[in-house]
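Structure first, then comments.
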Amino acid sequence: MRSSTSPSASPSPSHSRRSLLLGGLGAALGIALPLGGKARAATAPPVLVGDQKARKVLLLDSTKTNWDPAADPSVVQWSFTPDGDSRYADLQPASSFTYVSEAKARTSGGSTLVLVTASYGFAAVVEYPTGERRWAGLVAGSGPGDDLNPHSIELLPDGNVAVACSSGNAVRVYAASQGPNATAYFTTPLTTAHGVHWDSGANVLWAVGGSKLAAYTLAGTPAQPVLAEKTSLSVQLPTSDGHDVGAVAGSSDLLWVSTGSALYQYSKSARTFTPYGSTACGRGPWGGVKAVSNYGGTVLFTKPDGDLSPNWLTRYVRDASGTATPYTLADGGIYKARWWQP
């Protein structure tokens with residue numbers, strides 16, 4: 001059985017798992033962005049969601065705020081799960097695809113790709129919309145069951161992939177350019193590594209974990225990859241438990257960085273972290289953000305509700321304006337969600 005479905009509508013181009021302000025963004029984008037009252041654009045892209053309860057990656061219609069795939073299947077524009085899919089059977093997805101921990105969209109060589117990880121070892125680069133295996137691997141120590149909690153994944157310009165391993169305290173680069181079943185990898189240490197992001201402008205891989213935002217350059221060869229830390233760019237975080245890192249869309253200078261107690265925009269040129277939102281200041285509602293992305297001035301984020309099990313899940317994908325109705329996934333167990341921006 002194929003685990004991917006064709007899109008019904010084509011989209012527009014640290015809990016343990018086991019036990020800047022808006023004005024600044026406006027300046028970077030050349031627009032004014034007040035904190036509240038911004039309506040969602042009718043042309044906004046879909047939202048890519050990792051649903052841990054359903055064991056699926058879902059691409060959901062952003063024009064509807066109530067997502068109930070059982071009652072209204074049309075809200076799902078595309079989905080992926082390796083469960084029951086022979087193309088991923090060697091990875092034992094019944095086990096390894098437990099707790100979807102990342103889903104992000106990228107493009108390469110004219111193809112659109114969805115990058116996926118799950119906490120019990122699954123990592124893959126999936127071709128959209130066919131679900132074909134561009135690359136997939138089991139991110140583990142000695143073998144199945146000795147997973148390293150892959151928490152995020154990024155596509156590198158040579159076709160290899162970087163994986164943040166939170167319980168492995170490392171960033172791994174897999175030689176994915178060598179084929180869909182390639183297993184060779186290089187490991188560099190990073191305490192509780194949680195997020196990775198390739199910065200084509202700076203030509204570095206950013207990785208966040210613990211109290212550090214680290215920058216790495218690519219060395220070695222595609223078949224034998226190596227990461228070398230660029231210490232002149234690496235920086236200590238203002239607060240601990242680094243979790244997510246990604247580009248502020250529309251800015252060549254700013255990165256989103258979330259920690260256990262704050263959400264920041266990091267200026268690469270000024271080497272400064274600015275707390276996001278008037279009530280951030282390292283406290284308040286922006287602590288514990290698992291994923292954040294913006295489409296123009298509309299910022300979406302996820303953070304735990306606190307009353308679900310496991311306790312890192314949420315039913316909602318929230319709009320940072322605080323005034324727009326959050327997206328709600330019926331019976332959902334969302335961990336991360338991002339605007340669809342390949």
Side-chain angles (χ1 to χ4, degrees), residues 14-17 45-60 62 67 76 78-81 97-106 113-126 128 139 149-155 161-167 192-197 206-209 241-249 255-260 263 276 286-295 298-306 308 310-320 326-329 332-342:
S14 163
H15 296 281
S16 168
R17 66 179 171 84
V47 181
L48 191 65
V49 172
D51 184 354
Q52 292 191 356
K53 282 180 111 177
R55 296 174 56 86
K56 290 181 179 180
V57 174
L58 303 173
L59 187 62
L60 298 172
S62 66
W67 295 325
V76 180
W78 180 80
S79 69
F80 170 79
T81 177
F97 195 64
T98 300
Y99 301 146
V100 184
S101 55
E102 183 63 280
K104 59 174 70 167
R106 294 291 185 263
L113 306 170
V114 178
L115 314 184
V116 182
T117 58
S119 289
Y120 279 28
F122 185 91
V125 179
V126 178
Y128 170 89
V139 181
N149 197 2
H151 215 82
S152 187
I153 183 171
E154 182 59 287
L155 183 67
V161 299
V163 179
C165 308
S166 63
S167 64
T192 61
H194 268 72
V196 281
H197 170 72
W206 295 101
V208 67
D241 299 324
H243 200 281
D244 195 28
V245 59
V248 174
L255 296 174
W256 291 110
V257 178
S258 72
T259 71
L263 175 62
Y276 178 81
W286 302 113
V289 167
K290 303 303 183 184
V292 59
S293 61
N294 68 289
Y295 175 73
T298 305
V299 180
L300 296 184
F301 69 96
T302 60
K303 62 174 296 181
D305 291 351
L308 296 177
N311 63 3
W312 55 74
L313 298 180
T314 179
R315 307 167 182 85
Y316 308 109
V317 180
R318 300 182 185 276
D319 185 316
Y327 294 108
T328 303
L329 180 61
I334 300 170
Y335 185 61
K336 289 181 179 176
R338 305 185 189 278
W339 286 116
W340 176 260
Q341 297 181 107

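All values derive from a computational prediction rather than experimental measurement.
The minimum heavy-atom distance linking Ala320 with Phe301 is given by the pair CA-CE2, 3.8 Å. Minimum heavy-atom separation, Leu263 to Ser258: CD1-CB, 3.9 Å. Across Gly332 and Leu308, no two heavy atoms sit closer than the pair O-CD1, 4.4 Å. Between Ser62 and Pro45, the closest heavy-atom pair is OG-O, 2.8 Å. Summarising the geometry of Pro150 relative to Ser119, their closest heavy-atom pair is CD-O, 3.6 Å, with the distance given to 0.1 Å. Of all heavy-atom pairs spanning Leu155 and Leu115, the tightest one is N-CD1, 3.4 Å.
Gln341 places a side-chain N or O within donor-acceptor distance of the main-chain N or O of Asn294, the cut-off being under 3.5 Å. Formation of a donor-acceptor pair under 3.5 Å by the Thr98 side chain with backbone atoms of Tyr120 is not found in this model. Although no hydrogens or angles enter the test, the distance criterion places no donor-acceptor pair under 3.5 Å between the side chain of Thr192 and the main chain of Asp241. Looking at Asp244, its side chain does come within 3.5 Å of a backbone N or O of Val292 through a donor-acceptor pair.
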Would you please test Val208 and Val257 for side-chain contact (heavy atoms from CB on, under 4.5 Å) and show each step?
CA-CA 8 Å; Val208 67; Val257 178; 4.3 Å; yes
Quick one, Trp340 with Tyr128, criterion side-chain contact (heavy atoms from CB on, under 4.5 Å). Give me CA distance, side-chain angles, the key distance, then yes/no.
CA-CA 12 Å; Trp340 176 260; Tyr128 170 89; 3.8 Å; yes
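Between Tyr99 and Trp312, the ring centre distance stays below 6.0 Å.
In terms of the side chain to side chain contact (heavy atoms under 4.5 Å, CB included) criterion, residue partners of Thr302 (sequence neighbours excluded) are, by chain and number, Lys290, Ala291, Thr314, Val317, Ile334, Ala337. Here Ala247 pairs with His197 under the side chain to side chain contact (heavy atoms under 4.5 Å, CB included) rule; sequence neighbours left out. Not a single salt bridge (charged side-chain N to carboxylate O under 4.0 Å, His left out) links Asp51 to another residue, sequence neighbours left out. Applying the side chain to side chain contact (heavy atoms under 4.5 Å, CB included) test to Ala164 and every residue at least two apart in sequence or in another chain returns Ser152, Ala193, Val196. The salt bridge (charged side-chain N to carboxylate O under 4.0 Å, His left out) search around Arg106 returns Glu154, not counting sequence neighbours. When the side chain to side chain donor-acceptor pair (under 3.5 Å) test is applied to Lys104, no partner is found at least two apart in sequence or on another chain.
Ring pair His194/His243 is tilted by interplanar angle, where 30° to 60° counts as tilted. Note on ring orientation: taking the six-membered ring where Trp is involved, the planes of Trp67 and Tyr327 are parallel (angle under 30°, cut-offs 30° and 60°).
Note that OH of Tyr316 and NZ of Lys303 are 13.5 Å apart. Values are rounded to the nearest 0.5 Å. Taken from OG1 in Thr328 to CZ in Arg315, the straight-line distance is 9.5 Å, to the nearest 0.5 Å. Between atom CD of residue Gln52 and atom CZ of residue Phe97 there is a gap of 9.5 Å, rounded to the nearest 0.5 Å. The structure places CD of Glu102 at 9.0 Å from CG of Leu48, a figure rounded to the nearest 0.5 Å.
Side-chain contact between Leu329 and Leu60 is present, with at least one heavy-atom pair separated by less than 4.5 Å. Trp339 places a side-chain heavy atom less than 4.5 Å from the side chain of Val47.
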